[in-house]
Amino acid sequence: MFDVVSSRVNFPDLDAEVLEYWKEQEVFRRSYDERPDAPLFMMYEGPPTANGSPGIHHVLARVFKDVISRYRTMKGCRVIRKGGWDTHGLPVELQIEQELGLSSKREIEEFGIAEFNKRCRESVFRYVKDWEVMTDRIGYWVDMEDPYVTLENNYIETGWWILKQLWDRGLLYQDRRGAPHCPRCVSSLSSHEVALGYRENTPDPSTFVTFEATEWLGGSAPDVPSYFLAWTTTPWTLPGNTALAVSEDADYSIVETTNNAGGTIRMALATALLEVLQGDYTVTQEVKGSELVGLSYRPLYDASKYGTPIRQFIANDDGQTSLEDVDAYSTKVVSADFVSMDDGSGIVHIAPAFGDEDLGLGREHHLAFVQPVDLQGVITGNYPFAGKFVKDADPEILADLESRGLLYHQGVYRHTYPFCWRCDTPLLYYAKTSWYIRTTAVKDRLVGNNSRINWYPEHIREGRFGEWLRNNVDWAISRERYWGTPIPIWQCDECGGMDCLGGVEELSQRCGKNLEDLDLHRPYVDDVTWPCPSNACNGAFRRIPEVMDCWFDSGMMPLAQWHYPFENRDIETDGRLPADYICEAVDQTRGWFYSLHALSTLMQDDIAYRNVICLGLILDGRGRKMSKRLGNIVEPDSILDTHGADALRWYLFTASHPGEPRRFSDRLVQQTLRQVLLTLWNVYSFFTNYANIDEFEPSQIPADWRPEAELDRWVLAELNQLVQVVDGHLDNYNPTDAGRRIAEFIDTLSNWYVRRSRRRFWKSEADADKLGAYATLYRCLTTVARLMAPLAPFVSEQMYRNLELRFNPDAPDSVHLTDYPVADPSLIDDAIMDATRLAIRVSSMGRAARSKAGLKVRQPLASVVVRTRTPDEAQYLDWVSEQILEELNIKTLRADGIEQDLYAQAQSAAGDDGDSVVAIDGYSAALEAGYMVAVDANITSELADEGLARELAHRIQNLRKGARFEITDHIVTYYQGPGDVERVMTGHRDYIMQETLSEALLSEPPAEDARSETAKVEGMEVTLAVRRVE
RNA sequence: GGGCCUGUAGCUCAGGCGGUUAGAGCGCAGUCCUGAUAAGACUGAGGUCGUUGGUUCGAGUCCAUCCAGGCCCA
């Protein structure tokens, strides 16, 4: 006997039962422990930061990771999926800063780095429990008992080893760059972090400033005051100006105009941008940018007069440049290729201490370097506006220039500007030293290796990711912060000598102490020092203060999760490198996808992953991005508690293709549940109910059984084709189309196979046809359960256990330990699939024809005429006529040539209206795409009686149902009504008794204990009643 | 400003190489069917397939332009 399956199912309860079963049976562990020789399939878990509760977008990534892993397991692989936690980084620090009420680095240091980092460490695991519960609940199988954790010493040590390799190869270097800098956090931000904080329509001063020329075209000093007109949105950088840049090939104009005081002046600016001039002017000369190059001008603020040190880029012997102190500086016009002719004046103010392009230009032309702003964004020196925060200094600088007649024009410019995503402070571009990995050295390999990665969707490879790689710049890996992997570089505080350490043992040797038990984090690692080994030097080696970008942490997980090379050296060859599969959302293109790719190209010159699904964003029901700020984040819990995990998973898989953004709402999940899972469940419930009544058991199916009945052959053809298609889709990392195809099959199975086969299950005799029906439906259900197991692991497990495991103690304990179904091509028969599709279509049209003519299906009709489009189809029609006649409740299918005639009549009656139903010649005819189905609208009294008999049987059935009788209960039926009822009850006695399991039809008032109902039936008042026979 | 993606019914989505009258589900209105079904069937309303051009005998599909939205980057 099968377990009784109620059609009322509570999926969340079912989930809990299955989870319990998996736990008892240790199914997940066994899915890899019990197949030591199976080929490996590596899934890398992109580590989440557990410093917040998981949201629905985390569920999305996790179920996509899971579905492929489960599929590969069923295909016979041993799937390694080690969990991981990302535990370092600014987000963690920010949270603790807020909790402690700290607002600057100074306050953190006063509070104490040791205690601060201790709080960071604790906070990271605060939400781990939530994550574990969610992960379990959605059926994501990942090893959470032995995860990799980026804060562990072993993990950090692998990072040190990697940096040491790069150091030895000259790929790790320190450089001064213009980097986005947050003056509140006093730290550079990575490009990834900058991206989080762009804000549109930020107003900034649009400032046109004049720089007075000390030399003019022709060489001598000008006779009238002459200026270069430059534009900036950051007046606070003007004290740092040491050059002006023009575009060599562009046209520039010298114009004559009057200044505010009414005097005549000359100005140079780009011809293309003359429109920025305010009043009347005359163009006196046109020149190329190249002719302006080399001309000198007076700085707006001569640094030597305002107490700001002056340095200058000097060429070294090795072709590099260094900054050296100088007493004075000259300022001149240089050429640069980045000068825009779209806005400004075509002459760009250059301050090497700030922008990165400016810095580059400074190096190239050996410009002076003036830095009048400190890292907190405060103006230094003795400028009139010294001591102010840069943005507050802006108006004062403008006023000062105005008073000196050097401000040509000012307005407001709205543009997109980056703010610190943590604290909303506007970022400053600030030239300072950072550590870099020279990824540009392997740029060609980055691009080349990328071509070997299978991206889903494919366009990411050459599009977003390829574009990013082709524009690769060196990776800034240092952060002037506290909670992160410390950079293992020590420097002598006297002579500046440097050393990079590649492991704890190496460090122990260097300092002469056993550091095995040292916490490798700050501040402890900062206490490790040793005397400078250089003979002439009395200094000490101290660690540089920076920690690493946490993207480096996650990018090194392929090696660090195994503590390579200190342990597990065999990962080089045993298939654990590279990953077969990773999956994250598209925002990881420049995050984890890149850091994995960059590090494996640098370290192994190989790809880090073979296949990657890049998920689109998950949007709310109105199509907006989910964010804490908008408060539209959907909590997975409420969805899981109402609809269960499979419904949520199924929805996420099938709603749209992985790369597309997807809208999410409770309603859509519920729709999925009803349409797919509930439909399947009801087929399953139907099957088990009747199988139990008939005492059918799987062992009754002969080993060499083949389907004979048309319906069976058809549905098994569909099933085997489904297996082929679904297997292909999953093999191709496409759960979306796999799920959609399964859903289609479930719909067909329920609404045609079972619908048309019901009588075969009901009938009392146990013949070969009935066994065939059971064997067929059994096979469909068990196969579908396995097919959908990777997508909907809970319901498929439940079905598997009841349908298969229960009867076969030798079967694997879980559907997830079974083999994925393999199609039997010999059962795939295109002809029968086409024929049945025709039957479904004709039936649909027949229903339309009946409906239009008011002929309800319960009323039998004499005949139907069908016109098909091709002779092949006429053949098929013959084949499936029985299905059609039964479905439409019609006696005969006429195929005596009448169809052509009727079709012509119907067409002319329909006129221009292509698809329609028309009444012609006693028929009601439906037309559609060249087909016609015409039903005979004539109802003889004999047919009418038969219809009434069915109507009465139907009413009796409803009474049975209302009285909650078992399907197999026998009854006595009472009836009272006019002569028509009496006649039909007598004339169709056998039919009605058989349909309703009545032992007697009594024309008398019902017994007291009978369930009774009086109603109008086709205009007649009829009383019907049923009583169960014990 | 640059790159990538997306625009098909009120909503969510299908529409292999261009080819009869562009489809499904949900929702709405109505009718019907049902002893598996919280389901299902039928009818109806709802589409200038984002715009404008082009290629073609023929374009939702191919090309170009523009518009709108999204993501990423400046």
Side-chain angles (χ1 to χ4, degrees), chain A residues 5-9 191-192 194-195 198 338 340 342-343 415-416 418 457 459-468 470-471 585-587 589-590 616-617 619 621-625 651 654-657 659-665 667-668 670-676 678-690 736-737 740 743-744 747 750-752 754-755 757-758 761-762 843-852 854-859 869 887 889 912-917 926-930 950 953-954 956-962 965-969 995-997:
Chain A
V5 176
S6 164
S7 64
R8 287 170 174 270
V9 56
S191 57
H192 174 84
V194 175
Y198 278 102
F338 56 77
S340 160
D342 295 331
D343 46 26
H415 59 158
T416 309
H459 62 78
I460 304 280
R461 177 171 46 226
E462 294 309 320
R464 188 172 289 199
F465 198 64
E467 206 54 41
W468 167 252
R470 282 187 287 277
N471 294 318
V586 68
D587 56 356
T589 311
R590 283 150 173 87
L617 286 174
L619 308 172
R622 289 160 54 185
R624 299 173 307 174
K625 189 175 175 177
Y651 171 73
T654 56
S656 60
H657 283 108
E660 307 293 324
R662 70 204 61 223
R663 293 192 182 196
F664 186 87
S665 72
R667 195 178 62 83
L668 293 168
Q670 190 185 355
Q671 191 179 313
T672 292
L673 173 74
R674 294 240 283 248
Q675 228 165 305
V676 182
L678 217 50
T679 306
L680 174 67
W681 189 265
N682 284 317
V683 174
Y684 167 55
S685 163
F686 171 87
F687 171 82
T688 50
N689 285 344
Y690 282 92
T736 305
D737 288 325
R740 286 177 178 176
E744 272 173 37
D747 185 69
S750 171
N751 288 322
W752 195 257
V754 173
R755 184 185 167 84
S757 299
R758 270 180 299 200
F761 294 96
W762 295 340
S843 300
S844 166
M845 292 174 66
R847 276 191 295 262
R850 292 188 72 118
S851 170
K852 197 78 169 186
L855 301 163
K856 54 185 188 175
V857 180
R858 218 179 278 134
Q859 174 60 57
R869 293 199 301 205
E887 180 65 24
N889 193 19
D912 291 336
D913 191 4
D915 294 356
S916 64
V917 177
L927 292 167
E928 185 185 295
R950 286 186 66 143
H954 166 62
I956 295 166
Q957 300 287 38
N958 278 349
L959 275 175
R960 285 185 59 119
K961 210 174 179 180
F965 293 168
E966 293 300 317
I967 292 170
T968 47
D969 284 343
E995 282 294 300
T996 61
L997 293 186

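Note that this is a predicted model, so its numbers are computed, not measured. Residue numbering restarts at 1 for every chain, and letters A, B, ... go by the order of the sequence lines.
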Nearest to the side chain of [X], heavy atoms from C-beta on, is which of [options]?
X: A:V586; options: B:G3, B:C71, B:C13; result: B:C71
X: A:H954; options: B:C72, B:U34, B:C71; result: B:U34
X: A:R847; options: B:A41, B:C13, B:A38; result: B:A41
X: A:R950; options: B:U34, B:A36, B:C4; result: B:U34

Hey, which of these two, A:R674 or A:T996, hits RNA chain B nearer its 5' end, going by closest nucleotide?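 The residue whose closest nucleotide sits nearer the 5' end is A:T996.
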Please tell me which of A:Q675 and A:S844 maps to the more 5' nucleotide of RNA chain B, matching each residue to the nucleotide holding its nearest heavy atom.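 The 5'-side residue here is A:Q675.
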Hey, mind stepping through A:V5 and A:W681 against side chain to side chain contact (heavy atoms under 4.5 Å, CB included) and telling me if it holds? CA-CA 9 Å; A:V5 176; A:W681 189 265; 3.6 Å; yes
SB check A:R470 A:E467 (cutoff 4.0 Å):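 The answer is yes: the pair qualifies as a salt bridge.
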Closest approach of [X] to [Y] (non-hydrogen atoms, all atoms of both residues):
X: A:A655; Y: A:R740; value: O-NH2, 3.3 Å
X: A:V586; Y: A:R464; value: CG2-NH1, 3.3 Å
X: A:S656; Y: A:T736; value: O-OG1, 3.5 Å

If I pick the [atom1] atom on [M] and the same atom on [N], what distance separates them, to the nearest angstrom?
N: B:A14; M: B:C73; atom1: C1'; answer: 33 Å
N: B:C26; M: B:A41; atom1: P; answer: 8 Å
N: B:U52; M: B:G60; atom1: P; answer: 13 Å
N: B:C49; M: B:U61; atom1: P; answer: 9 Å
N: B:U8; M: B:A74; atom1: P; answer: 31 Å
N: B:U20; M: B:G58; atom1: P; answer: 15 Å
N: B:C71; M: B:A29; atom1: C1'; answer: 41 Å
N: B:C32; M: B:A39; atom1: C1'; answer: 15 Å

Presence of donor-acceptor pair under 3.5 Å, side chain of A:S750 and base of B:A36: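 Per atom types, the contact qualifies.
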Return yes if the base of B:C71 and the side-chain atoms of A:R464 contain a donor-acceptor N/O pair under 3.5 Å, otherwise no.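 Such a pair is found, so the answer is yes.
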Can you confirm whether the side chains of A:R950 and A:N889 place a donor and an acceptor under 3.5 Å from each other?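 A:R950 vs A:N889: donor-acceptor pair found between side chains.
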Reported CG-to-NE2 distance for the pair A:L959 and A:H954, which is rounded to 0.5 angstrom: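 Rounded to the nearest 0.5 Å, the CG-NE2 separation comes out at 10.0 Å.
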Between CG of A:L997 and CD1 of A:I956, what distance do you get to the nearest 0.5 Å?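 A:L997 atom CG to A:I956 atom CD1 measures 11.5 Å (nearest 0.5 Å).
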Send over the distance from [X] [atom1] to [N] [atom2], rounded to a whole Å.
X: A:N751; N: B:A36; atom1: CG; atom2: C1'; result: 11 Å
X: A:R590; N: B:G3; atom1: CZ; atom2: P; result: 13 Å
X: A:E744; N: B:G23; atom1: CD; atom2: P; result: 16 Å
X: A:N889; N: B:C42; atom1: CG; atom2: P; result: 17 Å
X: A:I460; N: B:C5; atom1: CD1; atom2: P; result: 9 Å
X: A:N471; N: B:A74; atom1: CG; atom2: P; result: 10 Å
X: A:Y651; N: B:U12; atom1: OH; atom2: P; result: 9 Å

RNA chain B stem ranges, 3 or more consecutive Watson-Crick or G-U pairs under 3.5 angstrom: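 Only these stems qualify: B:1-7 with B:67-73, B:10-13 with B:23-26, B:28-32 with B:40-44, B:52-54 with B:62-64.
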Any [X] side-chain N or O less than 4.0 Å from OP1/OP2 of [N]:
X: A:Y684; N: B:A36; value: no
X: A:R740; N: B:A14; value: yes
X: A:H657; N: B:C13; value: no
X: A:R758; N: B:A36; value: yes

Fit a plane to each ring of A:F686 and A:F761, take the angle between them on a 0 to 90° scale, and name the class: parallel (under 30°), tilted (30 to 60°) or perpendicular (over 60°).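 Correct class here is perpendicular.
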What does A:E660 touch in the nucleic acid at a heavy-atom separation under 4.0 angstrom: a base, only the sugar-phosphate, or nothing?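 Sugar-phosphate only.
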What contact category does A:V9 fall into here, base, sugar-phosphate, or nothing, at under 4.0 angstrom with non-hydrogen atoms?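 A:V9: base contact, heavy atoms under 4.0 Å.
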